[in-house]
Protein chains: 2
Amino acid sequence: MDDIDRKIAALLSDDARASLAQIGAAVGLSTSAVNDRLRRLIERGVIRRMSADIAPEAVGLPVTGFVWVALAPAADEGAFRAAMAQLPRVTACHHVTGPWSYLVQIRAASLDAVEDFLSELKSGGWIARSETMLALSTVVEPPFRYRG
Amino acid sequence: MDDIDRKIAALLSDDARASLAQIGAAVGLSTSAVNDRLRRLIERGVIRRMSADIAPEAVGLPVTGFVWVALAPAADEGAFRAAMAQLPRVTACHHVTGPWSYLVQIRAASLDAVEDFLSELKSGGWIARSETMLALSTVVEPPFRYRG
DNA sequence: GCCCCATTCCGGAAAATTTGCGGCCGGGCA
DNA sequence: TGCCCGGCCGCAAATTTTCCGGAATGGGGC
């Protein structure tokens with residue numbers, strides 16, 4: 001994990017389709033050397049995947065919501081996590097410090113869909129309390145992974 | 001933007017290195033047809049980019065922080081947005097509903113680095129008030145784009 | 001019904017890229 | 001000095017992408 005590896009990681013973060021020759025030219029290595037490093041970066045888990053960043057509006061998911069969740073005292077936290085990990089509309093879910101236990105980010109087709117999501121959370125018996133905020137506009141956004 | 005396009009988008013979200021032949025086999029099209037559709041998806045902006053998802057810990061950024069920001073009344077909001085867009089440590093920034101104006105997500109090398117970020121925000125004169133929460137653990141996370 | 005146009009598909013050839021070697025070089029070490 | 005090992009290079013084979021022309025498909029207009 002030297003500077004060249006970091007530069008390769010940054011280049012591929014920007015354009016995962018860059019050819020080995022292009023990368024090699026940028027970092028001063030042959031295609032073979034770049035290929036070796038790339039293989040090692042993937043093996044070591046430095047590169048977790050190559051992913052297409054999909055425009056959420058283009059697939060009918062224009063709404064971004066943030067849901068603060070306080071888990072119910074009796075809730076099965078493992079099951080909650082498993083459920084969040086499985087839902088394709090959940091784009092992020094973190095256990096956080098502060099008054100809430102989880103911060104869940106979702107992408108949805110409409111405000112109705114956001115409401116449906118909250119209903120599911122409640123009827124699942126997981127949450128004691130929640131608060132939802134919507135994104136009005138987005139300045140910076142990580143790549144969106146469309147999971148169908 | 002039919003079902004096949006959506007399936008291609010989903011497949012490439014999962015693995016941007018899948019060959020046209022593999023995708024073709026999955027959706028029942030020839031490589032040429034898949035190539036046509038891929039080109040159009042990119043042209044139309046449905047696919048915004050192909051990106052390598054980097055493990056943040058592997059590049060020395062183990063800390064995830066969420067900063068809720070209330071902008072100072074006199075703050076230049078455009079400049080604030082431009083600054084957020086430019087900072088490589090800012091992984092997300094949304095204008096949101098609720099008591100705060102912005103939600104800023106960052107990746108940092110340490111708690112000290114988080115503090116430094118907050119100091120910069122304050123000394124920039126942008127924020128009236130802020131609250132920071134840290135991620136204790138992560139259940140779901142979008143791809144991380146390493147920007148150097 | 002018929003023509004025309006646009007769109008999307010296909011197969012195949014050419015170009016580009018990736019992959020899989022063997023060999024070379026330089027640093028660490030006994 | 002001599003050996004070993006990691007990392008690099010160039011080259012050739014295999015794979016993939018790109019770039020055509022031409023064939024189906026599905027409306028619109030007459």
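Not measured: the values here are computed from a predicted model. Just so it is clear: chains get the letters A, B, ... in the order the sequence lines come, proteins before strands, and each one is counted from 1.
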Between CG of B:L20 and P of C:dA16 the distance, given in whole Å, is 17 Å
Among C:dC10, D:dC8, C:dT18, the one nearest A:A33 by side-chain distance: D:dC8
Within less than 4.0 Å of OP1 or OP2 of C:dT18, is there a side-chain N or O belonging to A:N35? no
Looking at A:W100, is A:R129 sitting on its ring face, NZ or CZ under 6.0 Å from the six-membered ring centre and within 45 degrees of the normal? yes
Ion pair present between A:D116 and A:R89, side-chain N to carboxylate O less than 4.0 angstrom? no
Can you measure B:R39 atom CZ to D:dT17 atom C1' for me and round it to whole angstrom units? 13 Å
Looking only at atom types and distance, does a side-chain atom of B:R147 sit under 3.5 Å from a main-chain N or O of B:L87, one as donor and one as acceptor? yes
Taking the nucleotide of DNA chain C with the closest heavy atom to each, which residue, B:R17 or B:L29, is nearer the 5' end? B:L29
Rounded interatomic separation in angstrom, taking CG from A:L12 and P from C:dT18: 10 Å
Whole Å only: how far is the CG atom of B:L38 from the C1' atom of D:dC19? 15 Å
Rounded to whole Å, please give me the gap between CG in A:D36 and P in D:dG10. 13 Å
So, under a plain 3.5 Å distance rule, would you say the side chain of A:S30 forms a donor-acceptor pair with the base of D:dG10? no
Is a donor-acceptor contact shorter than 3.5 angstrom present between the side chain of A:T31 and the base of D:dG10? no
Heavy atoms under 4.0 Å, any strand shown: does B:R40 hit a base, just sugar-phosphate, or nothing? sugar-phosphate
Measure from CD1 on B:I8 to P on C:dT8 and round the result to the nearest Å. 12 Å
Give the rounded distance in Å between these two atoms: CE of B:M1 and P of C:dT7. 17 Å
N or O in side chain of B:R37 less than 4.0 angstrom from C:dC9 OP1/OP2: yes
Picking from D:dC19, C:dT17, C:dC9, which would you name as closest to the side chain of B:S32? D:dC19
Charged N-O contact under 4.0 Å between B:R145 and A:D53: no
Without decimals, in angstroms, what is the distance between A:D3 CG and D:dG7 C1'? 17 Å
Are more than 12 heavy atoms, taken from residues, nucleotides or ligands other than A:E57, located less than 6.0 Å from that residue's CD atom? yes
